[in-house]
Each structure stands twice: as C-alpha cells, then as structure tokens.
Amino acid sequence: MDLLSAKTEATGAVRATIRDVARLAHVSIGTVSAVINNSDRPVAAETRARVLRCVAQLNFEPNSAARSLKHQRVSSIGFIVPDLSNAFFADIAAGIQQVLDGMDCLLVLCMTWSDMQREEYYAKVLRTQRLSGVIYLSGTGLPSPSLLNLAKKGAVVFVDECLPGVDLPFVGSQNLIGARSLAQYVLAQQHHRLTIVSGPRGLWTSEQRQAGFREAFAAADILPDSVPVIRGDYSELSGRHAADEIAALVVEQRPTAVLCANDLMAIGFIRRCQELNIAVPGDISVTGFDDIPEARLLTPELTTVRQPGKAMGQAAARLLLQGIGESLTEPLQQDFVTEVCIRGSVGRAV
C-alpha cells in the first residue's frame, strides 16, 4: 500500500490514494506530489489545475505522518512532565510549543504526577507510537526500563532534570550556582539559625540546590550538617507542613531564615506562617527558587532564584529537532544562567 493510503477509522472504507489522483489526472505520482506539496519542481499551470480538480473530486487527504516521514519532517513530539500546576513546568511547555508553532507538529502532553509507574507507563506508550521524539522532565529521578528503550529507539532530550547513568542531551540551568548565591545573600543579612526545606530525594535539581546551600554555609564557617533539613516534595502542601514543623518549636529554637528549594514550597510556607501569626520576614525570612509569577504576587514578594523556563523549553525543542534531523549545531548539554531576585521576604536578622 502507498504511504499516503489509509483506511477511514469510522467507516472502514478505503480513502483515495495519491495513485488514484494520478490515475484520474493522467499524470505521474511525482507530479501529484509536487502539486500537493508545493515543491520547486516545475508543473504546467494547466496540469496543476487538473491535479487540484482531481484532488477535490476524490476528496483526497494526504497522510500528514507519511508526508513528514517522506520529507524528514517532524510530525509529533511527546513531553513527559510531572504536572503543569507548577508554573515553571508550564513555562517549559510553553517554550516547547513556541518552537513547534508553525511546523505542523503536534505536542503530546503526558503528566505523571511524579509517579514512577506513570513515568514507566507513558515511556512505554510513547515508545510504541510513531513519535518523532520525546522531551522528558522526570519527577522521580529514576530511569525506567521503557525510558531506556525509548532512548535507544529515537530522539530523547532531558529538560530541567537529568538522570544518573543515562547519557542523553540535557537542557538545564545553573542550580548549584544560583542556590549558593542565594544562600550567600541570606548569610549577608546576618542569619545564622537556618533551615533548608529541600526537594524530593534523588532529583538532580534538589541535590544541586542543596549542594549550593551547603557550599555557602561552609564558606561562612557554618558546618553544613549542622543546618536542619526538612524533606519536601516541591509542592505547596509540603511547604505548609514544613511551616507546621517549625512552628512546633519553641521560639528560641526556630530558624531566622528558611531556604526552600522551590517557589511553591516557599509560597506554602509563607501562607501557613501568616495563618499561624508568624511574621515574614519579621520572625522568619523565606526564600524560594524558580521565580514563578506567583512569587511576585505574595505579600511580601518572594526573594528567589530566577531560571528561564520558556528559554529552556525552546532550547530543548530545538535540540530535539536538530537531533532528529541529524544536523546538530547546538551543544548536547546547555546550562542557562540563574539570577538571584531580591525582594521583601528576607529581612536582616535581629
């Protein structure tokens, strides 16, 4: 069967093929292809008009997937992501879509809710589909067997999170440098009783940010292991739980500054503190990481680290497309610069 042939799913009837159009128009298949694809091949105006009349008469619809394959174009891209409730992840998705706009390329969104079984399921499903490639943002930090098979079968690019032992193109940001600079700013405000609300165990971003905090502590002659760590999961709810844990301490034992590994946890922490009549930054200074739009809508506005989600998504999409086309011009690993955003949630320790 010709690549452009297909059966109508609803009725089972055979649709017109490019051969049918060529036969009715009394031209070659190549001529029909040149007309419907607007190629540079010269076709007489009369012949072009006859082909188009036959296309309309037969209600011929080219198979877009086959056309993409024939011309080595991209027809569909998968994006595996924990969720889009985190505005930073939504920014990455928007950046990917911006690159795909105008390319007749479908973005297939798969949300895993940071569940290992769902990551495995989606990687398995996408491996069986005729996708051109996959952009992968892990919520667990664990490589599934289906992901490894997917990587062998086609193009895969990691964004934001990379996985240990899996050597694939990766687009991220300077998490360690950003976290270290943020902690240095907090220490410069004379805070010495500190607590970290970390991200999920095993995630690259979580480990990098905690390492950056610890480097700043060590440089200030604070033993990194002396700083308590409350394990979070990057959700606003885990930030609220961390605030409850700290509020249960006697006032003299509470930290004067809490460094949260992302903005959602910092937002949850601040909102819960306000409910408990704990002043931010009067009683406790708070920081985040990501600089999502909500960070500037808080009262006080959140001191955080900005990383460019949309630009990272765009870079991941471009890297994937170039990998599919086997014409790589961009580096296989890209680290975007991060920036400390100083706002009102950090005050000077008294």
Side-chain angles (χ1 to χ4, degrees), residues 81 84 86-96 98-99 137 158-162 170-191 194 196-199 203-220 232 234 236 239 257-270 280-281 284-319 330-331 333-348:
V81 61
L84 295 184
N86 186 331
F88 176 67
F89 295 162
D91 275 349
I92 291 177
I96 296 170
Q98 286 173 353
V99 172
L137 201 169
F158 288 147
V159 64
D160 190 43
E161 297 283 354
C162 61
F170 170 55
V171 175
S173 70
Q174 297 175 347
N175 284 260
L176 187 149
I177 294 174
R180 184 178 62 204
S181 299
L182 180 65
Q184 289 171 339
Y185 170 73
V186 171
L187 292 169
Q189 307 311 306
Q190 302 303 309
H191 290 282
L194 306 158
I196 296 172
V197 180
S198 72
L203 283 188
W204 181 83
T205 55
S206 177
E207 301 302 327
Q208 287 287 297
R209 293 169 195 179
Q210 188 161 331
F213 294 152
R214 288 173 174 266
E215 283 190 8
F217 299 156
Y234 280 165
E236 185 173 338
V258 173
L259 291 81
C260 299
N262 84 336
D263 285 352
L264 282 182
M265 293 193 300
I267 289 168
F269 188 95
I270 290 175
V280 177
I284 300 178
S285 291
V286 182
T287 68
F289 201 109
D290 286 339
D291 194 30
I292 62 177
E294 291 86 342
R296 296 181 292 279
L297 300 177
L298 280 177
T299 303
E301 294 185 9
L302 182 62
T303 294
T304 186
V305 175
R306 177 181 299 142
Q307 54 176 346
K310 286 184 180 179
M312 290 167 61
Q314 292 168 348
R318 287 194 297 266
L319 185 57
E330 301 203 20
Q333 180 166 335
Q334 298 180 42
D335 293 317
F336 280 82
V337 174
T338 52
E339 175 188 358
V340 175
C341 302
I342 299 172
R343 301 192 181 108
S345 66
V346 175
R348 195 168 183 83

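Listed here is the closest heavy atom pair of Met265 and Gly232: SD-CA, 3.8 Å. Among all heavy-atom pairs drawn from Val280 and Ser345, the shortest one is CG1-O, 3.9 Å. The two residues Ala266 and Val286 have their closest heavy-atom pair at CB-CG1, 4.1 Å. Between Phe269 and Ile284 the shortest heavy-atom distance is CE2-CG2, 4.2 Å. Closest non-hydrogen pair, Asp263 versus Asp290, comes out as OD2-C, 3.6 Å. Shown here for Phe217 and Ala183, the closest heavy-atom pair between the two residues is CE2-CB, 4.3 Å.
Judged by distance alone, with hydrogens and angles left aside, the side-chain atoms of Glu161 form a donor-acceptor pair with the main-chain N or O of Trp204 at under 3.5 Å. With hydrogens and angles disregarded, no donor-acceptor distance shorter than 3.5 Å links the side chain of Thr303 to the backbone of Thr287. No donor-acceptor distance shorter than 3.5 angstrom exists from the side chain of Arg348 to the backbone of Gln189, with no hydrogens or angles considered. Looking only at distances, no side-chain donor or acceptor of His191 sits under 3.5 Å from a matching main-chain atom of Tyr185. With hydrogens and angles ignored, the 3.5 Å screen pairs a side-chain donor or acceptor of Ser285 with a backbone N or O of Gly347.
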In sequence, state the C-alpha distance, the side-chain angles, and the governing distance for Leu319 and Val171, and then conclude on side chain to side chain contact (heavy atoms under 4.5 Å, CB included).
CA-CA 9 Å; Leu319 185 57; Val171 175; 4.1 Å; yes
Worked check of side chain to side chain contact (heavy atoms under 4.5 Å, CB included) between Asp91 and Met312
CA-CA 9 Å; Asp91 275 349; Met312 290 167 61; over 6 Å; no
Under the side chain to side chain contact (heavy atoms under 4.5 Å, CB included) criterion, do Phe289 and Leu259 qualify, and how do the steps go?
CA-CA 9 Å; Phe289 201 109; Leu259 291 81; over 6 Å; no
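With a 4.5 Å cut-off on side-chain heavy atoms, Ile177 and Asp335 do not count as touching. Looking at Ile292 and Thr304, their side chains never come closer than 4.5 Å, going by heavy atoms from C-beta outward. Inter-residue side-chain proximity for Leu194 and Phe213 is flagged as unmet; no heavy-atom pair is nearer than 4.5 Å. Counting heavy atoms from C-beta outward, Phe88 and Leu264 have side chains that stay 4.5 Å or more apart.
Tyr234 and Thr205 form a side-chain donor-acceptor contact under 3.5 Å, judged by distance and modelled atom types alone.
For residues 173-184, the side-chain hydrogen bond (donor to acceptor under 3.5 Å, both in side chains) pairs, not counting sequence neighbours, are Ser173-Asn175, Ser173-Gln307, Asn175-Arg209, Arg180-Glu215.
Residues meeting the salt bridge (charged side-chain N to carboxylate O under 4.0 Å, His left out) test with Glu294, sequence neighbours left out: none.
The distance from the CD atom of Glu301 to the CD1 atom of Ile270 is 11.0 Å, given to the nearest 0.5 Å. Between atom CG of residue Leu137 and atom CZ of residue Phe158 there is a gap of 10.0 Å, rounded to the nearest 0.5 Å.
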